Student: 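One structure, pasted below without further comment.
All values derive from a computational prediction rather than experimental measurement.
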Amino acid sequence: SHLFPGGPECMIHHNPFVSLSLSLSVGDITQKGYEKKRGKLLAPYIPQIQGVDPSLQIEHRIQTSSQVAPPGSKQNKPRVANSRDERFRSDLHTEAVQAALAKYKERKMPMPSKRRSVLVQSSVEACTPPDTSSASEDEGSLRRQGRIASSSPYQAHPSVEHWFNRVIQGSSTSSSASSTSSHPGGRPHHATNATSASAATVLADLMAHTQLGQFSLQLTSLHVFRTDLPSGFIHSVFRFICLLKLRCSIMETADGVPVNSRVSSKIQQLLNTLKRPKRPPLREFFVDDFEELLDVQHPDPNQPKPEGGEMRPLSGEPLGVVTNWPPSLMASLQRWGTTQPKSPCLTALDNAGKPVYTLTYGKLWTRSQKLSYTLLNKLSTRNEPLLRPGDRVALVFPNNDPVMFMVAFYGCLLAELVPVPIEVPLTRKDAGSQQVGFLLGSCGVTLALTTDACQKGLPKAQTGEVVTFKGWPRLLWFVTDGKHVVKPPKDWHPPIRDTSNEIAYIEYKTSKEGSTMGITVSHSAMLAHCHALTQACGYTEGEIITNVLDFKRDAGLWHGVLTSVMNRMHVISIPYSLMKVNPLSWIQKVHTYKARVAVVKSRDMHWSLLAQRDQRDISLSSLRMLIVADGANPWSISSCDAFLNVFQARGLRPEVICPCASSSEAMTVAIRRPPEMGVPPPGKAVLSMSGLSYGVIRVDTEEKLSVLTVQDVGQVMPGALVCVIQVEGTPYLCRMDEVGEICMSSNSTGISYYGLPGMTKNVFETIPVTSSGAPISDRPFTRTSLLGFIGPVGSDNLVFVVGKMDGLMVVSGRRHNADDVVATALAVEPMKFVYRGRIAVFSVSVLHDERIVVVAEQRPDGSEEDSFQWMSRVLQAIDSIHQVGVYCLALVPANTLPKAPLGGIHITETKQRFLEGALHPCNVLMCPHTCVTNLPKPRQKQPGTGESCVCVCVGWLLFLLNLPRKHSIQSQIVYIYCHLMCLKKNFQGTVANTASCVQLHKRAERVAVALMERGRLNTGDHVALVYPPGIDLIATFYGCLYAGCVPVTVRPPHPQNLTTTLPTVKMIVEVTLISECRTCCLPWPSFTSQSTETLAHPCDQSLRNVNLSCVRTCMVVAEERPRNTLTQSFSKIFKDLGLSSRAVSTTFGCRVNVAICLQGTAGPDPTTVYLDMRALRHDRVRLVERGSPHSLPLMESGKILPGVKVIIANTETKGPLGDSHLGEIWVSSPHNATGYYTVYGEEALHADHFSTRLSFGDTQTVWARTGYLGFLRRTELTDASGERHDALYVVGSLDETLELRGMRYHPIDIETSVIRSHKSIAECAVFTWTNLLVVVVELEGSEQEALDLVALVTNVVLEEHYLIVGVVVVVDPGVIPINSRGEKQRMHLRDGFLADQLDPIYVAYNM
């Protein structure tokens, strides 16, 4: 705050930055020297932060020394909650990411623009410059000045020079120029800072209004200066701006056109960004031919390929034979429940970590017996048992009540029922709840077991019963507490049978696509799995095991509920709610109970590291095995190493850390054995991420940046056979240096997906084959969905896992793992930008390839510019480390992503919300230009003169009645139809004026007399008629004709949209004045009414007695493509009022000929054809069947009128075209217009539009060019005379078409697709600017949905039109200008956008 000690008057003369900038502008120093000296000048005023590059601190706005918290303050203490993103952290990977970012030259990308109401509130400490998107200029600058402790009245902000640099670089992000002056300011915080605030306001406003590109200053900005400011300060500001002009260069578009609006400067930044070479390099585009088969991108010939020999299956040690092994798990429970009834089985803890209840084996046995007897004998419906052996029962128990779950699970097994454990549904809209209901319905579940406390917490209906959740079957809820179960008779004993292949239980699993499937596990597989785990882990009777995992599924169920009972072990269950409060609780229980085994995830190990300083007297020497259940996650090695480094001093031995690999289908695949078994030391592999993306194992020797360090997951389970097969296609064995899917053949795997035989055969009955096609075994294998490889020979047969199929993303033929991308994103920002490390990475299919989407929760105190900087760096890091582009990067507020049962991110639900437009992000950055590399090849126009096959259609001959010549044609019209009545209705729908033809004639005569006598007009003078449609317009029109004057009809400006319609009226009137217009006729009430006529629905009371059966023809007139939906809807709505569907027809006319064709009632019904839109882009007409992909319905515009000749001509060569080509409609008719009226006589324009000729063929006929593209088609229908029907099809205006990538696009087609993409899009308009496609959408809904539209609009335009959207603009309803004919004024919209006059809700610049 002491950069300008001499006050504002001395700011220019004594400011070192001014002289430094001046030296740079005149060339005394280089840019590099300027940056170096500037950094030295700013260094004393910027606080140093450990671990952050000083250059980044200068670029990143860090608060001044006056705002830094003192040393001992709360802000300097590490926050545990926000440090949890270290779970994926690797020191090596973080170093690699930072090194990769350092290679990137800092490049300026345009920040998206937001309206203030859409912004996320920034924290008080966030220091934001005046010209950012977090607030308007006035508001932001005033808020900041209250925190500056000024010693002089006019001190400037210490980072003002940084703001000026940002302005110079064109990074202004204000959403509207009008916002600068629309908010006069707020209340000053302190009297001493009032003038300082004024000074900052002047600077902000002046900088916002300064046109740097043209070296001019708008005079409108001078209103911000007030008389209370010293003249010296104003002089200094002007001097500073003059200095800025020296450093500015003229900003131009790609075509060299200078621009001066802030929107244009951002587009220029976007173009500059797109000019840079893309990584990876683009492969050859496929040709967009008419067969439209999208070629698969050819693999890179230089990509690494597997070179090793064929991998051999790997066998585990034989499953040992134990003489006293029980024949079933139920027999074990009976044995321990009767012989060791007081032996502890399970201890449950509360949220404070205190033991709540210890379940003994005797209690487990007796309570399970009671429940099984009650379920079989006491539940009935209509005197029939509700349950029979083999029926499925849902177990709905919370994660903090393992005791009741264990009793219910074994009670179902004793009753020979099949338990289906699921999560507790908290609301009717839980993430994935509907899919769980589908599983329950497919399993035929009718009964759900739960606890009394859980049942009371479920949402209830008005009747008091538990509501039926969305997608769930109707369930009967039964509480398993003691008072609801019945003690069985003494002579009743549950059936204890030997193991069989009958289903024991069903474990649910959520697939990558979001569907929930039930994996069936048989009694024999359950027993075999317990046997294999006991042998692999060396379990003994009476051991104490600490379980942190979910006891309802996966390793938590296998170790903590099943195998523990088999071996009479004591389980200490740590609930997830306790881990959130005390992450060290599981270590404390290991120390307290002297536990021998602990089952955790790497997440739990990391959380304990953050709180370990609070506990000193902890010993882990009792542990002989620390099972890391998610050891298959490659990034778990970081947590394991960090945990060992900290707790090795507290008794933890390195060899007890035992990662394992498992899947729901195959259960435990491999596990590292405990040290007492004499196993070899663990192994690590440092692999190249680039090689892994091609599916091969390589060590990165060139660059040590993109490497993945993985640890082994031990040896194969006893009695199992494991092999690695190719991921796709025939299950061939992989080579030794190839990554594939691990398959397992064992008696301890699941047996099927319940009710899904097709998927079961593909997953549970795989037969791996050798390269020659021979099966490797007669036993079926189960796919584990784990991606990995087996260590080389001599590595003690270790198994390595590098990812999962669920996280696999195949982009352009290369494989990328979602967890790897998460780790890279978290390694970007050492300042902990992401809230608790919550990042979701998934892929979406867009244009026949997968695209990577990254969604992160940002911390609440993050500013807009922090967000944008972090997003930019993440894109660069992922591009450098993984050589893949991110399609979309979205930031959402903290705690808004859908959560999984244990608090993680529900990936499939997040993906579903993204695709549905229900994610509601607060920041979005789309990068389709880099990612989409499979666009069709740009069209190259072939030289030629046209087509030889000519299509010309001529209308009927025109027979005119020989009218008497004693009257003019105007008089004939009036006198012949004397019964005609002209009606004009007011806004209430009643007749306001009526005029017969005679009355109309007399009024026209009076108008003619007034023009000649009062106006003193001569024959041929022009008269502007500014009238709304009505009798006055008709009378004055004919009055002008009577007087020999030329009427110029002008529609009055719309009172509700003057800004758009008034300039048009003014321009027309000015042109007519230049053309010697002598009079302008205006109606007396010009435009006073504020109401508009609306189309009433037939249900309206006023239309009940209306009969439209008398209507013979209702013609829809528009200078554009016929609107099928509009005409069909109109006919359907008024069908009940007697309107015939044949009465509604279309007509086509334009400026050169107002009546070219129409659809009369005497002719056949209008035909509708379906065109291939992809062929239409190449000006080709190809008909397809209704409902075909990329089909466009097009209704004929009508039958060509008598005396009218129509031909389709090439727009460039002016040669005739055949019926399979799209071209410009040319018309020859006696009633063609003769030309444009102008005093300058541009004969070339006249000849080109109204008197043109074909370049070959019939070169004598004079044609008029309509400016519309279409084609002619001879239909099979015949009219009343028996002639075949010639139809004209109008596709769109030539001036409105978009020339992109050498192809012709019609805006209405793109707009139709965009409107269909989201329910909240009310209207859409598209245009181009500097070869960028700009899409403007009107949001009819909450402003929270504005950012959801960006990705959906980009997706649908890519999918359906093969175009990349450059800019997406979200505006309020009614912003898109529409003329009186209902046609969009896209050019007016473009001008308003570039002039920054739309006040958009959000503007996204796709990178």
Student: Should the pair Arg367 and Trp365 be classed as cation-pi, given the thresholds of under 6.0 Å to the six-membered ring centre and 45° from the axis?
Tutor: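 Not satisfied by the 6.0 Å and 45° rule.
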
Student: Main chain of Asp819, side chain of Asn817: is a donor-acceptor contact present, judged purely on distance under 3.5 Å?
Tutor: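 Yes; at least one donor-acceptor contact below 3.5 Å.
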
Student: Below 4.5 Å, heavy atoms only, C-beta onward: do Val628 and Lys601 meet side chain to side chain?
Tutor: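 No; the side chains remain at least 4.5 Å from each other.
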
Student: Going through the checks in order, is the side chain to side chain contact (heavy atoms under 4.5 Å, CB included) test met by Cys345 and Val571?
Tutor: CA-CA 6 Å; Cys345 173; Val571 179; over 6 Å; no

Student: Any salt bridge between Arg624 and Glu676, counting N to O under 4.0 Å?
Tutor: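 So Arg624 pairs with Glu676 through a salt bridge.
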
Student: So which atom in Val485 and which in Leu371 form the shortest heavy-atom distance, rounded to 0.1 Å?
Tutor: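 Taking every non-hydrogen atom into account, CG1-CD1, 3.9 Å.
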
Student: Can you check whether Glu543 reaches Asn567 side chain to side chain, under 4.5 Å on heavy atoms?
Tutor: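 They are not in contact (no side-chain heavy atoms under 4.5 Å apart), so the answer is no.
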
Student: Between Thr347 and His570, is any side-chain donor less than 3.5 angstrom from a side-chain acceptor?
Tutor: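 Yes, because at least one side-chain N or O of Thr347 sits under 3.5 Å from a partner of the opposite role on His570.
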
Student: Would you please test Val710 and Ile637 for side chain to side chain contact (heavy atoms under 4.5 Å, CB included) and show each step?
Tutor: CA-CA 7 Å; Val710 295; Ile637 187 174; over 6 Å; no

Student: Would Arg859 pass as a cation-pi partner of Phe833, given that its NZ or CZ must be under 6.0 Å from the six-membered ring centre and within 45 degrees of the axis?
Tutor: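 Verdict for Phe833: no cation-pi partner in Arg859.
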
Student: Please check if the side chain of Thr784 supplies one atom and the backbone of Ser663 the other of a donor-acceptor pair under 3.5 Å.
Tutor: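 The answer is no, because no donor-acceptor pair under 3.5 Å joins these two groups.
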
Student: Any luck finding a side-chain donor-acceptor pair between Trp472 and Ser433 under 3.5 Å?
Tutor: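 The criterion, which ignores hydrogens and geometry beyond distance, is satisfied for Ser433 and Trp472.
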
Student: How close do Ile839 and Ile905 get, heavy atom to heavy atom, and via which atoms?
Tutor: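 Ile839 and Ile905 have their closest heavy atoms at N-CD1, 3.5 Å.
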
Student: With side chain to side chain contact (heavy atoms under 4.5 Å, CB included) as the criterion, how do Ile519 and Tyr508 come out once you've worked through the C-alpha distance, each side chain's angles and the decisive distance to 0.1 Å?
Tutor: CA-CA 6 Å; Ile519 299 170; Tyr508 80 90; over 6 Å; no

Student: Would you kindly say whether Gln711 and Asp641 are connected by a side-chain donor-acceptor distance under 3.5 Å?
Tutor: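 Side-chain D/A pair, Gln711 to Asp641: absent.
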
Student: Side chains of Thr908 and His906: is there a donor and an acceptor less than 3.5 Å apart?
Tutor: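 Looking only at side-chain atoms, His906 and Thr908 do form a donor-acceptor pair, the distance falling under 3.5 Å.
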
Student: If every non-hydrogen atom of Ala555 is compared with every non-hydrogen atom of Leu549, which pair is closest and at what distance?
Tutor: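 So the two residues come closest at CB-CD1, 3.7 Å.
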
Student: Strictly by modelled atom types, are Asp630 and Ser636 linked by a side-chain donor-acceptor pair under 3.5 Å?
Tutor: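 Absent: no donor and acceptor within the cut-off.
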
Student: Looking only at the side chains, is there a donor atom on one of Ser577 and Asn400 sitting less than 3.5 Å from an acceptor on the other?
Tutor: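 No, because no side-chain N or O of Ser577 sits under 3.5 Å from a partner of the opposite role on Asn400.
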
Student: Apply side chain to side chain contact (heavy atoms under 4.5 Å, CB included) to residues His559 and Ile627 and explain how you reach the verdict.
Tutor: CA-CA 10 Å; His559 290 267; Ile627 301 176; 3.7 Å; yes

Student: Is there a donor-acceptor contact under 3.5 Å from the side chain of Lys509 to the main chain of Glu507?
Tutor: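 Checking the backbone N and O of Glu507 against the side chain of Lys509, no donor-acceptor pair under 3.5 Å is found.
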
Student: If you compare all heavy atoms of Pro425 against all heavy atoms of Val396, which two are closest, and at what distance to 0.1 Å?
Tutor: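 What the structure gives for the nearest pair is CD-CG1, 3.8 Å.
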
Student: State whether a side-chain donor-acceptor pair under 3.5 Å links Asn547 with Trp586.
Tutor: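 No.
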
Student: Evaluate the side-chain hydrogen bond (donor to acceptor under 3.5 Å, both in side chains) criterion for residues Ser343 and Arg568: first the C-alpha distance (whole Å), next the side-chain angles of each, then the deciding distance (0.1 Å), finally the verdict.
Tutor: CA-CA 8 Å; Ser343 178; Arg568 192 176 63 82; 2.9 Å; yes

Student: Take Asp550 and Lys552, measure what salt bridge (charged side-chain N to carboxylate O under 4.0 Å, His left out) needs, and give me the verdict at the end.
Tutor: CA-CA 6 Å; Asp550 183 8; Lys552 297 188 293 294; 3.1 Å; yes

Student: Go through the steps for Arg672 and Glu655 under the test salt bridge (charged side-chain N to carboxylate O under 4.0 Å, His left out), then give the verdict.
Tutor: CA-CA 9 Å; Arg672 192 182 294 174; Glu655 60 270 14; over 6 Å; no

